[in-house]
Structures are given as C-alpha cells and as structure tokens.
2 protein chains.
Amino acid sequence: MAETRRGRPTMNDVAAEAGVALKTVSRVVNEEPGVNSATAERVRRAIEHLGYRRNDGARVLRRGRTASIGLVIEDVADPFYSGLSRAVEDVALHNGSLVFTGSSGEDPLRERELVLAFCARRVDGLVIVPAGSDHGYLAPELTAGIQAVFVDRPAGAGLNVDTVICDNVGGARSGVAHLIAHGHRRIGFLGDDATIFTAKERLRGYRQALTAASIPYDPSLVAMGTPDQPRVTADITRLLTLDDPPTALFTGNGQTTVTTLRALTTLDPRRATKATTPRDTNTTPGTRDSSTTSGTRGTNTAGGTRDASAAPNLAIVGFDDFELADLLTPAITVVAQDPINLGRTAAELLFRRLTGSAGPAERIQLPTRIIPRGSGELPPPR
Amino acid sequence: MAETRRGRPTMNDVAAEAGVALKTVSRVVNEEPGVNSATAERVRRAIEHLGYRRNDGARVLRRGRTASIGLVIEDVADPFYSGLSRAVEDVALHNGSLVFTGSSGEDPLRERELVLAFCARRVDGLVIVPAGSDHGYLAPELTAGIQAVFVDRPAGAGLNVDTVICDNVGGARSGVAHLIAHGHRRIGFLGDDATIFTAKERLRGYRQALTAASIPYDPSLVAMGTPDQPRVTADITRLLTLDDPPTALFTGNGQTTVTTLRALTTLDPRRATKATTPRDTNTTPGTRDSSTTSGTRGTNTAGGTRDASAAPNLAIVGFDDFELADLLTPAITVVAQDPINLGRTAAELLFRRLTGSAGPAERIQLPTRIIPRGSGELPPPR
DNA sequence: ATGAAAGCGCTAACAC
DNA sequence: GTGTTAGCGCTTTCAT
C-alpha cells in the first residue's frame, strides 16, 4: 500500500522493509527451505504491507523457462477451434503454464506474425493450426529449442514436427460410403477452400468411397471454396440444376454444413417461410415483431417437402459435429471428430516434449466416428 | 544457425559477429535512426546469420510495458465467450499487444489464480468476465497501475472499475413482454444459477414485464440453476405438470435455451423418435449405423404436435442468439446481445485507459434486440 | 555516428 | 540460516 518510489515494490524494497537481505526474501517468496520461521514471518509481513508480487518476467529472464506456451488457431470464435482451445488451456494450466492465444484468420502472414511474436516472448512451446504451408520461418526457433506441435493440419514441407490430426480421408470415406449404402449414387461434395489441407484430404476420402463402390467420379458434382453464404448457395443451385442432379450431399466441414442447410432452406419455397428473419438482420424491436413469423409453425412438414426443382429431398452427411445437429428436422448425420481430444492430445504431447521426451517427430491420427441422425439415412427419391 | 554457446544468440553475440558495440545492434534491431547504412547492413547480416531474435522478455523488464493483456472468461468453448474473445484478440493485435487467455470455468478461485498469474507476468491490463464476487485481491494490482475492465458482469462491491455489460433487465423485459403481447399470461422462467449476476438481472426483467402487464408473479413458474440437461429436464417436467402450466417459456441464456429445446424434444413422444442418437453417445461406426434413424424424416410434423401432458405447444423466447436458431422448427425467437461488440467495446476501453485516458470508471451498457423467428410468436392454446 | 556503463527484478552459485 | 556477488538480455543515459 505505502509506496514512495514509483512503480511496484521489488524484492529489494521488501528486504529493506523486513531488515533482511534480498536473497532471504527470494527464499520466502519461492518457499525455499532453510529460513528461520520468525524471519520468514517478518518477510511475509513486509510483503503483505507493501503489496509485493513477484515479477515473473524478471524471474523468467533469469531462469530460462517462461512457463507459457503460444496457441495459434484459425479463429477462436469457431466452435471447433474454441473447443480445441479450451482443451489446450486446461492441459497448460495443469502443467503450470499460461497460454498466449491468437487467431490467424486463415492468413499465413498473420500466423507468422503471431508465432514470431510468441517466440520473441520466449514461449516454451507452440501449438499451431497452420494457415500457411511455408513454415521455414519456424526453423530457427525450433533450432533454438522452442517446441512446436501442429494440430488439425500438418506443417509445410521440410519441417519435421509433431503433428496431431484426425483421419480426414477415412472419415470422409465412411461418410460417403454411408450415403452409398443408403442407395445414393449421385453424391455432391461441398468442401472448404481447395488450398486447405483438410479439404483436400476429405475430397480424397470422397473419391475413395466412390471408387470402392465403382461409381465414376464426376467433377461437376464437386464444389469447393470458402464457406460463405453466397458462394455456397450459388454452388448448390448449380448442383441442383444439373441434368442429373445429386440425390445426396456430403459437406466437408462444420461451417459448410450449416451454410448448406441455410442455403437449402432459402431455396425451398415451402421452408423459406420459416426463417423469415435472417440472422444478422437489424430488426427494430416491436416493428416486424409479431406479424411475419407467427403462425408458421406446423405449416411445413419439415422433411420430404422440398420442391424438386429447387431443393429436392436431399440426403446429407456433414463432416464435423455441431451443436443442435440433433434438433434439426431431419437431424443431421455427421462424421464427428473430437476437437477437445485433438487439443488435449496436442498439448499433452507438447508438454511431454517440454519435460524432456526425445525421439523422432510423432504423427498422431485420431479417429472419426459417424453419428447417424436421420439426414444421412434418407433414401434417394423413387 | 552457427551457435557455439548454449541457448539463443543475444545482442552481444550479434555485436561480436558484426564487430560493433552492443548498442549499435540495439539501434538496428529497433530501427532507431542514426546508424551508418553500411554498419547497419553488417549488423543485419550478422542477425540473419546467427538467427537472432530479440528477447522481448528482457526488453519488457527494462522498459516497463509488456505489450500484453490478460483475458479471463468463463469458458472459451462457449460460443458467447469465444466471440467475445475473438473481438478482444483483434483489438489487442491492432494495438500491438498479445493476449493471455484463461477460462475460469465459473470458479472464483481459478479466476483469481489466472488474474494473479497474469499480473505476475505484468500484463498491462486485464479484461475480466468475473466468476466470483469478491475482487479484493485485485485492488493492489490496480493500485500498482494494472488497468482492468470488467465485461458481461460487474465487479464485486468496493471495486471501482470500468464495466461493459448488456442491458440484461431491459432485454429480458422486452422478451417477456413479447410473449405477453402474443397472449401469454403463464410464462415460465428458466434461468442460469441464481448466484450469477446476469441470471438475477434477467429475472428482474421478467418480473418487471409481468408487473407492467399486471400479471401476478408466481414463483412456481421460476426455475434457476446450472444449465445441465438433467436439471433442466427435471425443472421443465415440474413446470409442465403444474395444475396451471405455463403456455410459454423464457429461457435465461443460450445454454439454457438449447438444453430446454433438447428437454422438450425428449419429453415429446412424437419428437422423441427424431433424435435417436444423442450427442456424446459412443456409436461404433457401422453398428447402429443405418437402422434406428432412417426413414424418420417426415414422420413428425415438427410444430404443434407435442403431447399436452408432456410438452405442449409452448412458445419460447430465449436470451442470447445462437447458431442455427433460425433453422430449427419452429425457428427460435431470441433476445440477442452482441458478444463481439461486448468484447470490442471492453478492449477498446482498456486500450484507451492504457494510452492515458483518465477520468472516473465508466459503466457502459449495450443494447439488446429481439429477433422474432417463430417460436416466440406462437399463441397460447385455444 | 558509435560506444561504455549502469541497471530493470530476479535467481544461481557460492560464501559465511 | 543468511548474505554477497554476478549476470539473465535488454534499454537508458551519457560520453566520445
């Protein structure tokens, strides 16, 4: 409380106040043994009185280890990555470490900036969901002893680091095989941007499933790009107006699945009445308040009602589970991966490295599992 | 690359390599003016050659400011807080600052640990969603010059800090008034744990709306607690089996809304057929794969079909918007607050403080808006 | 334009 | 048990 000097009190201030040497204060603060309990008590009183708190920055400078790690993901606001984040956080806390978090927003430059900023802060290690494919900038940091684990996507060529990913190929294959098992032969693939590793892998799985069922690959059934609404809606429109349109859709990630569902709702004249107020529209309270949407409940029979020319009775399987998938009508069948497991596994591997585990870089692949809920079990028309 | 000494190269190493003094290296690294361009080039080559990277920890120790902030929220994995996080992150990056993130998990002790750990790292400022109500531990830190902004919930008594919250009372009031305007007089309130500030405020709003409509307050219509499925299901069952059951429900936060919807689906025998595979159940791929759920689509008419004794045709308005609210049947009417705006406002206020803005603690209240989508416009039965 | 010396707050290594 | 000294890697101040 009582401070005469500018700034926070230091160990020196405490030492002066308690009438002991600096080192004794250090011993008390760090609970080292071998301090007379009376002396210790005097020091503790001085600490209390001055409101002293150890400066971990200085400590770190002296000791080498910062007890902090850096986490670079694509976007914390995405439920997939926020689950992963939480898992990393928990493991870090468990290991007495703090975590710097940063979202790259799928921008390789921002990824690089964040990683290097974390390295400049001398984090002990990094958990990275890479946006870019060139990680040469990391090499000197690794040489210098900073540990890194890549999650969800592998590092760019030439970098030999631990990696934790899910079985993208196998997951997509099983999801598409599921649709085939239910009688579909024209299956659309809506994927994330083709530059993204997971998107490419899942497309591979899609093709493998087709091959296994002796269904020829038709590139006109494939649409890839960022999962923004206009693009997805346009692509779906294109697919549905093909001469031989798909009877089922496989969507390549969570965002794309949701965007697809919204597109289908828009395209279906009967369903369209339901979602009158799109998200993010500015609605003045009390204005369109009661009129437009009331009474619509029960007017749509929810399934099997889409106008064939616009949004036919499509079967859907999505990669990634998402909240409320089970409450939609029909409920959405998904190929689920476990973001928490992904994050936990990566973080645990990182801390194992930090506590001395040597050996070559590991590549851990986590399984996916299919969760049938209804949308993926719909048969093709006729 | 070429390192003989242990650890990373320092400015000293660079200086030796370039044949200049330490200070000259510092000048080059920090792009200070007044260095001969030839000398600077030599230094730069040495930096490149040695793979030198400035140690920001040491820099910070000398300069005072750490260019980092701490963010303590309830749970990054919750979409509300992950949106808020992203906004804080973006503002921080914009201000050249890194952010330590930590989830308190609604545990006051963990909140305290995190905050103090951040303070020990000498973050410049803090953005806190408080879990506890006693923030006495923060006082010395504030005195020492660490800035703090509280978001979503105010600080405990006695702490005079900047606060950014949404209009919980007004939002709840307007949501409940909306239901009343649609003819409801028996309205259940399902809130978060009663110890949580926002839960209490929203209950107040609920009561205000009732009072304004001269509807007596009936405590048996109110249920508060953590939004776990068993508790919510039990409470809803209790509400629906009252002699005079509610015809509408107001749910007090996003999690509760979702849990409520899931409970209603379970309670409704007709809807129950739909969500056969609950989330988080371990389904072995290929086992229950195709049998249980196929063909259910179209069997439920989605709205207006609940068994009156279990889950009648309830109107619902929820506090907090959530992804897919618009795609449910019926789509869910919500009182939306804007987590991104909340985070951005708080972070901007923090950085304004950090750049010298003085003045008394501010208390900023952000508006909510009602988004009618269908579920809140259903009339009471008869 | 360049450099030498001091010191940020702490811990490690060694006295006493 | 306690204290002294050095120095982590950098910036600051003041010389040259």
Side-chain angles (χ1 to χ4, degrees), chain A residues 3 5-44 46-47 50-67 119-124 144-146, chain B residues 3 5-44 46-47 50-67 119-124 144-146:
Chain A
E3 285 170 58
R5 355 176 338 138
R6 53 147 206 178
R8 307 190 61 133
T10 71
M11 278 195 179
N12 240 319
D13 301 330
V14 176
E17 172 94 7
V20 296
L22 172 64
K23 179 65 213 182
T24 302
V25 177
S26 172
R27 287 201 179 91
V28 173
V29 167
N30 296 301
E31 294 172 311
E32 286 170 32
V35 180
N36 185 309
S37 63
T39 318
E41 189 47 39
R42 238 179 33 248
V43 171
R44 254 178 251 114
I47 287 174
L50 260 42
Y52 170 80
R53 198 95 63 189
R54 183 180 65 199
N55 183 333
D56 279 357
R59 168 173 229 242
V60 146
L61 181 59
R62 194 60 245 248
R63 301 189 69 195
R65 280 252 162 124
T66 59
C119 288
R121 287 314 218 295
R122 294 299 186 266
V123 292
D124 300 325
I146 292 184
Chain B
E3 285 169 58
R5 353 176 340 137
R6 52 148 206 177
R8 308 191 59 134
T10 72
M11 277 194 178
N12 240 318
D13 301 330
V14 176
E17 172 96 6
V20 296
L22 173 64
K23 177 65 216 185
T24 301
V25 178
S26 173
R27 287 203 179 89
V28 173
V29 168
N30 297 302
E31 295 172 311
E32 285 170 31
V35 180
N36 183 310
S37 63
T39 317
E41 190 47 43
R42 235 174 44 243
V43 170
R44 254 178 252 113
I47 287 175
L50 259 42
Y52 170 79
R53 199 95 63 189
R54 183 179 65 198
N55 183 333
D56 280 356
R59 167 173 230 237
V60 146
L61 180 59
R62 194 61 243 253
R63 303 189 68 192
R65 280 247 163 130
T66 60
C119 288
R121 289 308 222 287
R122 296 297 187 266
V123 293
D124 301 325
I146 292 184

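These values consider heavy atoms only, across backbone and side chains, with no hydrogens, waters or symmetry-generated copies. Every chain is numbered from 1 and lettered A, B, ... according to where its sequence line falls, protein lines coming before strand lines.
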Task: Short side-chain N/O contact from B:Thr39 to OP1 or OP2 of C:dT2, under 4.0 Å - done: yes
Open item on the list: Please tell me if A:Thr24 has a side-chain N or O lying less than 4.0 Å from either OP1 or OP2 of D:dT2.
Closed with: no
Open item on the list: For a quick check, with a 4.0 angstrom heavy-atom cut-off, what is the B/S/- contact string for nucleotides 10-16 of chain C, read 5' to 3'?
Closed with: BBBB---
Open item on the list: Quick check: do A:Arg59 and A:Asn30 have side-chain heavy atoms less than 4.5 Å from each other?
Closed with: yes
TODO: Return the value, rounded to whole Å, for the distance between atom CZ of A:Arg65 and atom C1' of D:dC8.
DONE: 16 Å
TODO: Using a 4.5 Å cut-off on heavy atoms from C-beta on, say whether the side chain of A:Leu61 contacts that of B:Arg62.
DONE: no
Open item on the list: I want to check something: taking the side chain as every heavy atom from C-beta on, are B:Asn55 and B:Arg8 in contact at a cut-off of under 4.5 Å?
Closed with: no
- [ ] To the nearest Å, give me how far apart CG (B:Leu61) and C1' (D:dG7) are.
- [x] 12 Å
Open item on the list: At 4.0 Å (heavy atoms only), tell me whether A:Val20 reaches a base, stays on the sugar-phosphate, or touches nothing.
Closed with: sugar-phosphate
Open item on the list: Are the side chains of B:Thr66 and B:Arg121 in contact, using a 4.5 Å heavy-atom criterion?
Closed with: no
TODO: Measure from the side-chain N and O atoms of B:Arg63 to the backbone N and O of B:Val60, and report whether any donor-acceptor pair falls under 3.5 Å.
DONE: no
- [ ] Check for a donor-acceptor pair, side chain of B:Arg27 on one end and backbone N or O of B:Glu32 on the other, with a separation under 3.5 Å.
- [x] no
